[in-house]
**Student:** 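Dropping the structure in here first, questions after.
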Amino acid sequence: MSKPLQAIRGMNDILPEQTPLWRYFEATVAGLLDGYGYRQIRMPIVEFTELFKRSIGEVTDIVEKEMYTFEDRNGDSLTLRPEGTAACVRAVLEHGLSGGGQTQKLWYIGPMFRHERPQKGRYRQFHQIGLEVFNLPGPDIDAELIMLTWRLWKLLGIGDAVTLELNSLGTSEARAVYRGELVEYLTARIDQLDEDSRRRLSSNPLRILDSKSPQTQALLVDAPKLENYLDEESRVHFAGLKARLDAAGIPYVINPKLVRGLDYYSKTVFEWVTDKLGAQGTVCAGGRYDGLVEQMGGKPTTGVGFAMGIERLLLLIETLDKVPAEIARTVDVYLCAIGEAAELAAIPLAEQLRDKIPGLRLQVNAGAGSFKSQLKKADKSGALFALVIGEDELAQQVVGCKPLRGQGEQNSIAWDVLAEHLATSLKQA
Ligand code: HAM
């Protein structure tokens, strides 16, 4: 027997009972970003592989081990995007959006793909909302990005469960000097390094700083510290950011080992982490990438941004029991019509209600059925009111309006005043 068809491991269906939470989250974020003047951009899900190699870095975990790369029918190497920054920079350059020093404050939402080992909070297809800002070089915009996430956590009721970790990586020149010193220190102690770190020593030594090996961490205690190699410009920038976060009353922790897994960062890097989700505790992460646009062929253009992992944030909202009760209800009114004549009368009535009550969520019974069975379906739909048209109601041109969630008595309402009556009742419910 052939195997039953299944979704790919680590790629999940989002089922109807989960989508109200997704839509609540997405609408909350979109509303917030409108309030800060960010504009949405939508990029393709597939790009040339070269784009990710050049931006994220050849020797990062993402590019080395995690990309879904394939050859298309033209023989081009394409990759399902593992993140959004690279494609956003590509789009900005391709359409001249940052030309002449123009400022851009952009956001995007969508699926990303990484061939990681799936576990709670880590998937092979996951979703991010990302923000990218171009041509604003100062720490004020770094602070704005962080402040708006802070506002979002509070709107979602998860503010107490997340901590902000901050670091500065300095300019690439400053980092090169530090990198040399770190490599020298670690090379002299290479026999004490774990295998992964040994490999990284020549390819990506800064990543050794966030090694999980206790032995390597012990070795790092006396290693040269990045903060002592920061250039003056980065130091001033970082101080400016901290002063703004202090002014906004946003608590943070400086984590000198925060280096991030993508190569394009410079100066500010940050992560929002939680201890409520187990191993996959980073819910939002980003930083400044002032050299990336130029590295990808554009004029010198500063950039800063972040992306949040939607699945992780939804898990956190659920874990903390912060799912708003009202989002579960997707039907306001359920219209029952018993018998064909009543069904025909219900059609214009339903359309009239939709015309007169904007946003009304009206479900019209489909599939006929007895009074009892239709009322059962009405109740199951979660609607606040059932409207009933039977033979008697039809003759009198009224509907029976039955509150389903214990708000008062059933009454008869004439067709011509039904919309007004219903609108008022829904407001009061
Ligand atoms: P990232 O740290 O690779 O950064 O991903 C950002 C967030 O996406 C993570 O903090 C996490 O919440 C979520 N995430 C990443 N991988 C997975 C996964 N396998 N399963 C579930 N969630 C995941 C970036 O992607 C950068 N492009 C962020 C950025 C924008 N930096 C500047 N601008």
Side-chain angles (χ1 to χ4, degrees), residues 8-12 14 25 29 38 41 43 47 51-52 55-57 60-63 65-68 80-92 104-134 136 141-142 145-146 148-149 152-153 158 162-165 167 169 207 210 258-274 276-293 296 301-317:
I8 296 164
R9 194 163 110 86
M11 302 200 181
N12 301 310
I14 300 165
F25 178 83
V29 181
Y38 287 74
I41 181 168
M43 300 86 67
E47 298 271 353
L51 172 71
F52 302 114
S55 54
I56 298 170
T60 55
D61 282 350
I62 296 181
V63 170
K65 305 190 257 194
E66 297 170 1
M67 294 208 302
Y68 281 90
L80 293 182
R81 62 182 183 194
E83 58 103 57
T85 310
C88 189
V89 168
R90 197 254 324 124
V92 161
Q104 291 291 347
K105 294 176 29 166
L106 305 174
W107 72 278
Y108 50 83
I109 178 170
M112 309 290 161
F113 303 84
R114 296 184 195 176
H115 196 274
E116 296 191 83
R117 199 168 47 78
Q119 62 179 89
K120 180 183 167 193
R122 187 163 72 194
Y123 312 102
R124 290 182 173 169
Q125 173 175 328
F126 60 98
H127 297 76
Q128 287 185 342
I129 291 183
L131 273 69
E132 313 291 351
V133 178
F134 298 94
L136 284 173
I141 193 70
D142 304 24
L145 289 172
I146 291 172
L148 71 84
T149 50
L152 177 63
W153 312 147
I158 59 174
V162 288
T163 308
L164 174 62
E165 298 194 355
N167 193 20
L169 299 181
R207 284 308 301 276
D210 68 2
L258 182 62
V259 289
R260 308 276 300 124
L262 306 93
D263 277 357
Y264 47 62
Y265 293 107
S266 58
K267 293 186 180 157
T268 312
V269 286
F270 68 90
E271 290 190 355
W272 284 100
V273 295
T274 179
K276 303 280 188 290
L277 295 180
Q280 305 306 317
T282 306
V283 293
C284 173
R288 192 161 267 286
Y289 48 87
D290 286 347
L292 181 60
V293 175
M296 284 170 62
T301 302
T302 64
V304 57
F306 68 79
M308 53 184 120
I310 301 183
E311 283 85 352
R312 289 185 192 176
L313 283 161
L314 298 189
L315 273 174
L316 186 57
I317 292 170

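Ligands are counted one by one from 1 in listed order, and the atoms in each one are counted from 1 as well. What you see is a predicted model, and the numbers here were worked out from it, not measured in a lab.
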**Student:** Any donor and acceptor pair, going by atom type alone, linking the side chain of N167 with main-chain N or O of V269 inside 3.5 Å?
**Tutor:**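 Checked: no pair found.
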**Student:** Among all protein non-hydrogen atoms, which one is nearest to atom 20 (N) of ligand 1, and what is the separation to 0.1 Å?
**Tutor:** Y123 N, 3.0 Å
**Student:** For R260, state whether at least one heavy atom is located under 4.0 Å from any atom of ligand 1.
**Tutor:** yes
**Student:** Can you tell me which residue and heavy atom of the protein come closest to atom 12 (O) of ligand 1, and the distance to 0.1 Å?
**Tutor:**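 So the nearest neighbour among protein heavy atoms is T282 O, 2.9 Å.
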**Student:** Does a donor on one side chain sit under 3.5 Å from an acceptor on the other, for D263 and T60?
**Tutor:** no
**Student:** Given G84, G121, G309, identify the one with the heavy atom nearest to atom 21 (C) of ligand 1.
**Tutor:** G121
**Student:** At what distance, to the nearest 0.5 angstrom, does CD1 of I146 lie from CZ of F306?
**Tutor:**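 Atom-to-atom, I146:CD1 and F306:CZ are 9.0 Å apart.
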**Student:** For atom 14 (N) of ligand 1, find the nearest protein heavy atom and state the residue, atom name and distance (0.1 Å precision).
**Tutor:** F126 CE1, 3.5 Å
**Student:** Under the side-chain hydrogen bond (donor to acceptor under 3.5 Å, both in side chains) rule, what do W272 and T163 come out as? Steps first, then yes or no, please.
**Tutor:** CA-CA 5 Å; W272 284 100; T163 308; over 6 Å; no
**Student:** Are the side chain of S266 and the backbone N or O of D290 linked by a donor-acceptor pair below 3.5 Å?
**Tutor:**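 Yes; at least one donor-acceptor contact below 3.5 Å.
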**Student:** With a 4.0 Å cut-off on heavy atoms, is R312 touching ligand 1?
**Tutor:**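 Heavy atoms of R312 do come under 4.0 Å of ligand 1.
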**Student:** Does a salt bridge link E271 with R260, judged by any charged N lying under 4.0 Å from a carboxylate O?
**Tutor:** yes
**Student:** One residue to check: V304. Relative to ligand 1, which of side chain, backbone, both or neither has a non-hydrogen atom less than 4.0 Å away?
**Tutor:**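 No part of V304 comes within reach of ligand 1.
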**Student:** For atom 6 (C) of ligand 1, what's the nearest protein heavy-atom neighbour? Residue, atom name and distance, please.
**Tutor:**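 It is Q128 NE2, 3.3 Å.
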**Student:** Would you mind finding which of Y265, F306, Y264, Y289 brings a heavy atom closest to atom 31 (N) of ligand 1?
**Tutor:** Y265
**Student:** Looking at atom 19 (N) of ligand 1, what's its closest protein heavy atom, distance included?
**Tutor:** E116 OE2, 2.6 Å
**Student:** Do E83 side-chain atoms and T85 backbone N/O form a donor-acceptor pair below 3.5 Å?
**Tutor:**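 Yes; at least one donor-acceptor contact below 3.5 Å.
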**Student:** Answer with yes or no whether C284 contacts ligand 1, where contact means a heavy atom under 4.0 Å from a ligand atom.
**Tutor:** yes
**Student:** Note the single closest protein heavy atom to atom 33 (N) of ligand 1, along with its residue, its atom name and the distance in Å.
**Tutor:**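 The closest one turns out to be E132 OE1, 2.8 Å.
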